[in-house]
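The sequence lines fix the lettering, A, B, ..., with proteins before strands; numbering per chain opens at 1.
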2 protein chains.
Amino acid sequence: MTPKQTTSPEKPRRATLQDVASEAGVSFSAVSKVIRGASGVSPQMRERVTAAIEKLGYRPHAGARAMRGKSYTIGVMIVEMSSPFQPEVVQGITDALEGTPYQEVLIAGGLSPARQKRSIEALMDRQVDGLILVAPWMEADWLEELGAKIPTVVVARHGTAANFDTVVDDEYQGARLMVDHLVSLGHERIVHTSMPSGGLEPFVLSHTARRHGYEQAMTRHGLVPKVVETTYSEVGGYEAAIQAFSGDERPTAIFAGADIAALGVLRAAEERGLQVPEELTVAGYDNIYVSAIGRISLTTVDQSGQLTGANSTRLLLERIGGRTQPAHYVIAPQLVPRKTSAAPGHVDQATPISVQH
Amino acid sequence: MTPKQTTSPEKPRRATLQDVASEAGVSFSAVSKVIRGASGVSPQMRERVTAAIEKLGYRPHAGARAMRGKSYTIGVMIVEMSSPFQPEVVQGITDALEGTPYQEVLIAGGLSPARQKRSIEALMDRQVDGLILVAPWMEADWLEELGAKIPTVVVARHGTAANFDTVVDDEYQGARLMVDHLVSLGHERIVHTSMPSGGLEPFVLSHTARRHGYEQAMTRHGLVPKVVETTYSEVGGYEAAIQAFSGDERPTAIFAGADIAALGVLRAAEERGLQVPEELTVAGYDNIYVSAIGRISLTTVDQSGQLTGANSTRLLLERIGGRTQPAHYVIAPQLVPRKTSAAPGHVDQATPISVQH
DNA sequence: GTTCTTACGGACAACGTTGCACGCTTTTGG
DNA sequence: CCAAAAGCGTGCAACGTTGTCCGTAAGAAC
């Protein structure tokens with residue numbers, strides 16, 4: 001009953017096709033046929049082989065399979081796991097792969113294009129059958145070359161590609177939804193916080209799309225867009241808010257490009273003694289986990305990571321199946337109004353007084 | 001300059017040892033020697049081969065290597081990525097593996113022992129050379145059997161094992177640190193929120209260790225421990241707080257077993273109109289990302305995920321190197337006092353009045 | 001000048017699969 | 001009743017490595 005000790009190093013060898021074949025009294029080719037579901041197998045043999053597989057606990061050797069072409073492994077690169085969107089995407093992938101012979105394997109790409117490239121190469125060294133890259137940072141050309149080598153789906157980059165598929169949330173639309181929401185509440189001075197573009201044209205990362213969507217929507221409403229560039233982080237949001245407050249006319253609403261930055265905006269507002277939402281409306285984008293909890297209750301935009309993952313997987317399997325025409329899938333975002341947004345209230349009277357230059 | 005189109009399906013084959021050998025004008029065995037750093041290689045040959053490898057961009061085929069014994073891949077199972085501890089552990093692993101020939105690969109184990117087992121098996125099918133399991137939920141026996149088959153390190157489970165190593169934060173100690181902190185501030189009625197044990201003895205998961213540490217420390221201070229069992233979630237924390245408030249004597253401090261639950265406690269306090277920390281001290285455990293941000297600023301206990309990852313990797317590499325004696329590494333936690341904890345202030349006067357039965 | 005050692009490079013047999021080519025039965029069709 | 005076809009099982013050659021074994025040539029020792 002006590003666990004086996006390692007002291008006697010008689011590790012039981014993993015069962016192979018040959019072992020199963022001996023057990024069932026057939027050739028190993030026959031076993032292979034059964035496993036592959038190939039034709040030319042009698043029901044009796046199938047049964048005996050299946051029993052032997054069961055008995056020995058046989059599992060195919062992925063390395064050996066990889067040598068013959070397919071590893072039945074999907075490589076997923078995520079940049080960083082801390083954001084809640086990425087785990088959701090992964091969950092979507094896992095669910096979509098359930099019931100297929102494929103298994104996904106993740107790799108943390110890290111925060112630089114060079115590292116991300118190395119991670120992708122590590123995945124390719126391991127003979128994955130396809131790649132799903134979540135918000136990769138490297139140049140489009142590199143991805144095009146990659147896509148020519150291996151079935152690839154890129155998540156969260158706007159734009160079209162020749163050699164790989166993309167799945168992306170319509171972030172222009174998401175930003176528009178938010179602006180419409182704020183305008184319908186009565187806001188006019190709405191500041192957007194963004195981050196430096198990063199020069200990945202012709203591809204467009206999330207923040208650029210959100211910013212453009214914001215600008216278009218503002219213009220459409222006849223309002224003047226005003227963007228503050230810091231970073232998508234709590235500190236970045238804080239700094240952006242400080243900058244926004246320092247202008248001539250204090251904004252009545254701050255639409256942060258990311259929830260995490262919105263949290264910094266909230267802190268800045270608190271320090272200034274500005275009541276949210278009475279004196280300042282704050283909104284974000286991403287619907288991260290904390291945005292939902294009572295103490296924050298942040299108005300934001302949700303993009304379904306689950307859907308993103310599921311569709312990425314679908315496209316990838318199609319590509320593995322032989323499709324070569326690139327596909328681009330766009331997912332509709334959803335506005336999530338919560339307690340940090342309201343009609344601009346007391347702010348109209350208070351504005352000139354509390355501004356400090 | 002435009003990216004190659006996939007329309008002409010002339011995917012360039014990946015370079016093999018043989019290709020490199022032809023390029024360098026030597027035998028493929030010689031190339032293998034160079035790559036493995038084996039002896040019996042002249043400097044000139046090494047140079048020519050290295051040049052050829054460079055030129056062709058040769059990279060070893062992990063599948064083929066796996067067939068000969070080593071895949072140079074470390075499998076890491078994480079239960080869920082949403083918690084911030086796990087990404088940190090992964091970061092620690094990545095850093096520790098930098099410069100070694102090994103590469104880690106992650107798999108999301110999911111929220112049930114059955115799924116987690118399947119994930120681990122999927123990793124083994126892929127011939128990983130070793131496993132790091134972060135907070136796995138399955139029975140100890142299963143892990144013992146696993147450890148007999150493959151070098152394994154288990155993270156975040158207290159207790160000793162025969163066939164694998166463990167790396168764990170000293171959560172008894174962490175809970176004691178927190179209780180000492182609260183007591184030193186003057187608190188006496190300190191409630192702890194926990195979750196049902198789950199029956200994984202003789203192994204002990206985090207919440208049980210924290211609870212025991214809390215109980216011991218309270219007793220040592222001559223105080224009466226009081227535990228509320230809900231779940232480690234925002235809602236769970238909220239419910240636990242409501243229960244804690246409903247007693248005869250309202251606690252002056254609530255020490256949640258997890259930061260995420262502490263957030264729920266904060267919400268409950270807010271709803272009750274209790275000022276934190278003036279009327280109620282709130283503390284957590286984990287030091288998750290949001291705990292640090294200004295608007296929350298939660299007093300908590302930090303366990304270094306980075307250190308955990310680094311040490312897990314070290315132990316695993318030792319085991320892969322041949323060690324069979326089990327090792328168990330304990331990491332010291334650190335108290336992180338922030339703004340949600342303070343001496344019990346107005347509460348002493350206010351207690352009898354605001355309690356509702 | 002012969003023999004022994006050493007250093008180097010190459011040949012080769014696995015490793016566990018896949019999938020084709022091949023034969024042996026059994027059935028079917030005339 | 002014989003030939004052809006279909007059904008079924010086996011044999012075998014890859015796939016890209018590692019690591020052992022072996023042969024050769026150059027240098028050292030006598």
Side-chain angles (χ1 to χ4, degrees), chain A residues 11-50 52-53 56-73 101-103 124-129 320, chain B residues 11-50 52-53 56-73 101-103 124-129 320:
Chain A
K11 296 192 187 184
R13 215 172 31 80
R14 196 183 164 96
T16 69
L17 275 189
Q18 192 52 260
D19 299 329
V20 176
S22 308
E23 176 71 28
V26 294
S27 75
F28 81 93
S29 308
V31 180
S32 175
K33 275 193 187 175
V34 171
I35 287 167
R36 281 154 34 218
S39 64
V41 181
S42 66
Q44 311 90 286
M45 187 177 82
R46 162 162 284 113
E47 198 179 345
R48 281 170 60 193
V49 168
T50 310
I53 287 175
L56 299 181
Y58 167 82
R59 312 194 106 229
H61 188 292
R65 284 184 149 179
M67 294 203 59
R68 298 286 310 173
K70 288 182 78 69
S71 66
Y72 295 99
T73 308
Y102 293 93
Q103 166 70 48
M124 295 192 55
D125 291 346
R126 279 154 189 83
Q127 289 72 53
V128 293
D129 295 335
I320 290 174
Chain B
K11 295 194 186 183
R13 212 172 35 81
R14 194 182 166 98
T16 70
L17 276 190
Q18 193 52 260
D19 299 329
V20 176
S22 309
E23 176 72 27
V26 294
S27 75
F28 83 93
S29 310
V31 179
S32 174
K33 277 190 186 177
V34 171
I35 287 166
R36 281 154 34 218
S39 63
V41 180
S42 68
Q44 309 91 288
M45 188 178 82
R46 161 162 286 112
E47 198 179 345
R48 280 171 59 194
V49 169
T50 311
I53 287 174
L56 299 182
Y58 167 82
R59 309 194 109 231
H61 189 290
R65 283 183 150 179
M67 293 203 59
R68 297 284 310 171
K70 288 182 78 71
S71 66
Y72 296 99
T73 308
Y102 293 93
Q103 166 70 48
M124 296 193 52
D125 291 347
R126 279 153 190 85
Q127 288 72 52
V128 294
D129 296 335
I320 291 174

Query raised in the report: What nucleotide among D:dT10, C:dG10, C:dG16 has an atom nearest to a side-chain atom of A:Val26?
Result: D:dT10
Query raised in the report: Roughly, in whole Å, what's the span from CZ in B:Arg48 to C1' in C:dG9?
Result: 11 Å
Report task. Return yes if the base of C:dG16 and the side-chain atoms of A:Arg65 contain a donor-acceptor N/O pair under 3.5 Å, otherwise no. Result -> no
Query raised in the report: So which nucleotide from D:dG16, D:dG9, C:dA11 ends up closest to the side chain of B:Ser29?
Result: C:dA11
Report task. Check every atom of C:dT17, C:dG9, C:dC12 against the side chain of A:Tyr58 and return the nucleotide holding the closest atom. Result -> C:dT17
Report task. Remember a base hit wins even if backbone is also touched, and classify A:Lys33 as base, sugar-phosphate or nothing at under 4.0 Å, heavy atoms. Result -> base
Query raised in the report: Taking C-beta and beyond as the side chain, do A:Asp19 and A:Arg13 meet within less than 4.5 Å on heavy atoms?
Result: yes
Requested in this report: Tell me, yes or no, whether the heavy-atom count around A:Glu47 atom CD, taken from other residues, nucleotides or ligands under 6.0 Å, exceeds 12.
Outcome: no
Query - Heavy-atom check, side chain of B:Ile35 versus side chain of B:Tyr58, under 4.5 Å - result: yes
**Report entry** Distance in angstrom units between A:Met45 CE and C:dT25 P, rounded
**Finding:** 17 Å
**Report entry** Gap between atoms CD and P, on A:Glu47 and D:dG9 respectively (whole Å)
**Finding:** 13 Å
Query raised in the report: A:Tyr102 and A:Ile320: which non-hydrogen atoms are nearest, and at how many Å?
Result: OH-CG2, 3.5 Å
**Report entry** Presence of B:Ser27 side-chain N/O under 4.0 Å of C:dG10 phosphate oxygens OP1/OP2
**Finding:** yes
Query raised in the report: Over how many whole Å does the gap from B:Met67 atom CE to D:dG19 atom P extend?
Result: 14 Å
Query raised in the report: What's the CG-P distance between A:Leu17 and D:dA14, to the nearest Å?
Result: 19 Å
Query raised in the report: If you pin B:His61 and A:Ala30 to their nearest nucleotides in DNA chain D, which one's is more 5'?
Result: A:Ala30
Report task. For B:Arg46 and for A:Pro60, find the nucleotide of DNA chain C with the closest heavy atom, then tell me which residue's nucleotide is more 5'. Result -> B:Arg46
Query raised in the report: What is the nucleic acid contact for A:Ser42, judged by heavy atoms within less than 4.0 Å: base, sugar-phosphate only, or nothing?
Result: sugar-phosphate
Query raised in the report: Want to settle it: does B:Phe28 or B:Ala64 sit nearer the 5' end of DNA chain C, counting the closest nucleotide to each?
Result: B:Phe28
**Report entry** Whole angstrom value for the distance that separates C1' of D:dG16 from CZ of B:Arg59
**Finding:** 16 Å
Report summary line: From CG of B:Asp19 across to C1' of D:dC15 the rounded distance in Å is 13 Å
Report task. Send over the distance from B:Gln127 CD to D:dT17 P, rounded to a whole Å. Result -> 16 Å
Query raised in the report: Do B:Arg36 and D:dG19 share a donor-acceptor pair, side chain to base, under 3.5 Å?
Result: yes
Report task. Describe the nucleic acid contact of A:Thr16 in one word from base, sugar-phosphate, nothing, applying a heavy-atom distance below 4.0 Å. Result -> sugar-phosphate
Query raised in the report: In Å and rounded to the nearest 0.5 Å, what is the CZ to CZ distance from B:Arg126 to A:Arg65?
Result: 9.0 Å
